[in-house]
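Presented below is the structure to which this report refers.
The figures that follow rest on heavy atoms only: side chains count, while hydrogens, waters and symmetry mates do not. Every chain is numbered from 1 and lettered A, B, ... according to where its sequence line falls, protein lines coming before strand lines.
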Protein chains: 2
Amino acid sequence: MSASHRQIPGVNAERTRSHNRQMVLGSVRAAGAIGRAEIARASGLSTQAVSNIIADMLADGMLREHGRRTGGRGLPVQQYAINPTGGYGLGIEIRPNAVFSALIDLTGATKHSHRTELTNNQPKTVLAEVAAHKVRALHDTGVRETSVLGAGVVMPGPFGATGIQNSGSDLPGWQDIDPQGLLEDALHLPVFVENDANASAMAERISGVAQGLETFAFLYFGQGLGLGLLQGGRLVSGAFGNAGEIGHIPVIAQGVPVALESCVSRLSVQAHLCAHGIDARDMDDLSRLYAQSAPPLLQWLDTAAQPFSAAIGIIENLFDPQVVILGGAMPDALLDHLINAVRLPDRSVSNRADRTQPRLMRGTSGRMTATLGAAALVLNQAFTPMIAASR
Amino acid sequence: MSASHRQIPGVNAERTRSHNRQMVLGSVRAAGAIGRAEIARASGLSTQAVSNIIADMLADGMLREHGRRTGGRGLPVQQYAINPTGGYGLGIEIRPNAVFSALIDLTGATKHSHRTELTNNQPKTVLAEVAAHKVRALHDTGVRETSVLGAGVVMPGPFGATGIQNSGSDLPGWQDIDPQGLLEDALHLPVFVENDANASAMAERISGVAQGLETFAFLYFGQGLGLGLLQGGRLVSGAFGNAGEIGHIPVIAQGVPVALESCVSRLSVQAHLCAHGIDARDMDDLSRLYAQSAPPLLQWLDTAAQPFSAAIGIIENLFDPQVVILGGAMPDALLDHLINAVRLPDRSVSNRADRTQPRLMRGTSGRMTATLGAAALVLNQAFTPMIAASR
DNA sequence: CTTGAATACTCAAGCTAGTTGAGTTAAACG
DNA sequence: CGTTTAACTCAACTAGCTTGAGTATTCAAG
């Protein structure tokens, strides 16, 4: 589980090609449609190398021709674009009482999604259910098994033994086992396990509002509050995979220090409404209450704004992201309200004069964000080489 | 300046070799003395490849033979170790009124250090002074110019236009220029520019208490308070290089929300002492006062402990580091006092049952930590390939 | 309309660096 | 003292990038 004692791998010709393929695919994706010469210029590779790689990728269907672009001098550029059916990412979200799945194509479009209830969450039951989701997704869409590049799996964290046990979200019976290995056996696919916040961040990068961004933070409203961090297109997940547990940091609410997620989270709004005799079970209830301008809800938004602003300030000053994105299990209208209501701190490295984007944005992946994000983990892998640019 | 819009480079055979050299050097460094077969096993490369690389590195002096290790069966291992004189890193720290420099060898040992005052800090004056430091370091040590692998430079941040202008630490006249380019021209070396906290973190990794750690946080007491973050041996520096500005986050001190660095920093302790009629100008004054158990100083330590604990909790929950290290311009005795006095938060992902290391440690690079860290940036570059291990 | 410049791309040869498999050396075991 | 084990070397092979010459297609100028 520890990310810290991993040995750095050596590189041979095969890995070189794999890296360059990822780089080419990432360039094509970023550009929409692009020619070989331009990729070569941007990457420092020779045109010939890019040409060979593109020939390969046409052969295995990941790219397709996209017409010639004329207008300048010289030979018109033969452009290439991502072939949507060239590969798929399977996303699985395991919750204590349900399993969700989504299948997305290479462009990030959702081709299938499904949900089943769990009667118990013993590993054996869950693994069987997960495998059934895969079979169903392939069957319903007609996608061949070999086209699936891998599976992303979102599970309740935190992973390993930490000081935040019994937060209610962990899966019993999953503490002392290796989820990745078991899932790979069950799915016969490469598996990437992440928490909901990290996966959701990836969903925004692959098919949401963060397309083209490499370094940003995603604030995830789940039961509590989580933070997904991307730097240079890669997740920052800490030494043991538990980075981003922002819900537990102390903030001041009405002069009293409390945990952030006790005043900014879905549980907190539900508790507040409950105290006012309102039973809001799900997102639809919340949406309805907001549409009705229910006073207790507006009051909650009011009290949440201040600690929320403090949290944004902390994120900005610690990570210096391009933008902070909000999403998760909270109705869009409420998130928009929060974004508009919040007064962002002036003392922040993100309070730059030359900004072109807002500091705060709402994610566009909706309530399926974590499941889509799980699938997006797979695509990100295909698009983003492991080599960072040198400083 | 923006780290975010950099194009990922392609890889060719030459870059492959460069990566593998870094990997080999890193393995040797981590092990102290090691044979080829072991490196090959750990990296997945063939023995032959490792053999060729080691032959190269013996030829250019970065490695040296380190006797055979017998004991097992089979041919005794021919071991190799880092050759201290095989390369050097130059560290430069630019402050508003002074320039510091240090030259460290491949094992991280300091071979030379020097300090000069600045009469003004216009770029021209500073660049000339910096160049003079290099000449002097080479002259005094007899190190050849070609053995210097690069220069790390620490400058007051934050970089670019942010909401934290006029913090008093920025260099006037350096806002709209490209420091890295100018420094490379002045030094004729590859230059790595970082802030003090990031560089100090690197000092601990290369020659301090964080050797062997890949993912940790370094809390730096400068004028204010900064945070250096390493994940997988690489700095996390955000989209614009300003990550880690932890001094500006709000905490509660005596029931009132204030900026963290207004109660935990050197300026804060000096202000507190000043209010009690004590003039503490430098670290020696503070050390003396602490040795005398001066009540105002103990009182400051007392009030600082609580916000300090909150800060540690935030760092741990957001980054999940292996450890948090304390250092910078604060006497060791005071840091040790803080470490012993602080009650670390229970609600933290770092509060693990299976810990073998303490959650909080003091750095061992002393007051030169940022300058040494600047030099360490160069060595880290030589030891740490850019490819992350795959998840 | 012709010619030349610009640009994208292909072909074929060459180079770098990693892999593979057979062979050599030296220590430890029985 | 032979056998086993492990590290290492040699030489042939292979993957994949680069280089340089050549081709195709468009635009612009005369």
Atom pairs and distances, side-chain donor-acceptor, residues 39-46 of chain B, under 3.5 Å, sequence neighbours left out:
| unit_1 | atom_1 | unit_2 | atom_2 | d |
| --- | --- | --- | --- | --- |
| Ser43(B) | OG | Ile39(B) | O | 2.9 |
| Ser43(B) | OG | Ala40(B) | O | 3.4 |
| Ser43(B) | OG | Leu45(B) | N | 3.2 |
| Ser46(B) | OG | Ala49(B) | N | 3.2 |

How many whole angstroms separate atom [atom1] of [X] from atom [atom2] of [N]?
X        : N       : atom1 : atom2 : result
Arg21(B) : dT16(C) : CZ    : C1'   : 14 Å
His19(A) : dG18(C) : NE2   : C1'   : 17 Å
Gln79(A) : dC9(C)  : CD    : C1'   : 14 Å
Arg15(B) : dC15(C) : CZ    : P     : 23 Å
Leu45(B) : dT20(C) : CG    : P     : 11 Å
Arg69(A) : dT7(C)  : CZ    : P     : 13 Å
Met23(B) : dG18(C) : CE    : C1'   : 12 Å

Earlier contact from the 5' end, DNA chain D, for Gly35(B) and Glu14(A): Gly35(B)
Excluding sequence neighbours, so at least two apart, what forms side chain to side chain donor-acceptor pair (under 3.5 Å) with [X]?
X         : value
Asn380(A) : Arg205(A), Thr384(A)
Asn198(A) : Glu194(A)
Glu145(B) : Lys134(B)
Ser207(A) : none

Sorted by number, the residues of residues 48-66 of chain A with heavy-atom contact under 4.0 Å to DNA chain D: Gln48(A), Ala49(A)
So, using side chain to side chain contact (heavy atoms under 4.5 Å, CB included) as the criterion, who are the partners of [X] when residues are at least two apart?
X         : value
Arg69(A)  : Glu38(A), Val77(A), Gln79(A)
Ala375(B) : Ile104(B)
Asp56(B)  : Arg17(B), Arg21(B)
Asp105(B) : Pro84(B), Tyr88(B), Thr107(B), Ala109(B), Lys111(B)

Donor-acceptor under 3.5 Å (Gln211(B) side chain, Gly208(B) main chain): yes
Nucleotide-resolved protein contact map, nucleotides 22-30 of chain C, B/S/- at heavy-atom distance under 4.0 Å: ---BBBSS-
Of the listed nucleotides dT19(C), dA8(C), dG18(C), the one nearest the side chain of Ala37(A):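 Given the options dT19(C), dA8(C), dG18(C), the side chain of Ala37(A) is closest to dA8(C).
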Sugar-phosphate only, base, or nothing, as touched by Arg41(A) at under 4.0 Å among non-hydrogen atoms: sugar-phosphate
Range on DNA chain D touched by chain B - first to last nucleotide, heavy-atom distance under 4.0 Å: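 Contact boundaries, 5' end first: dT4(D) to dT18(D).
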Leu90(B) to Val378(B) - nearest heavy-atom pair and separation: O-CG2, 4.1 Å
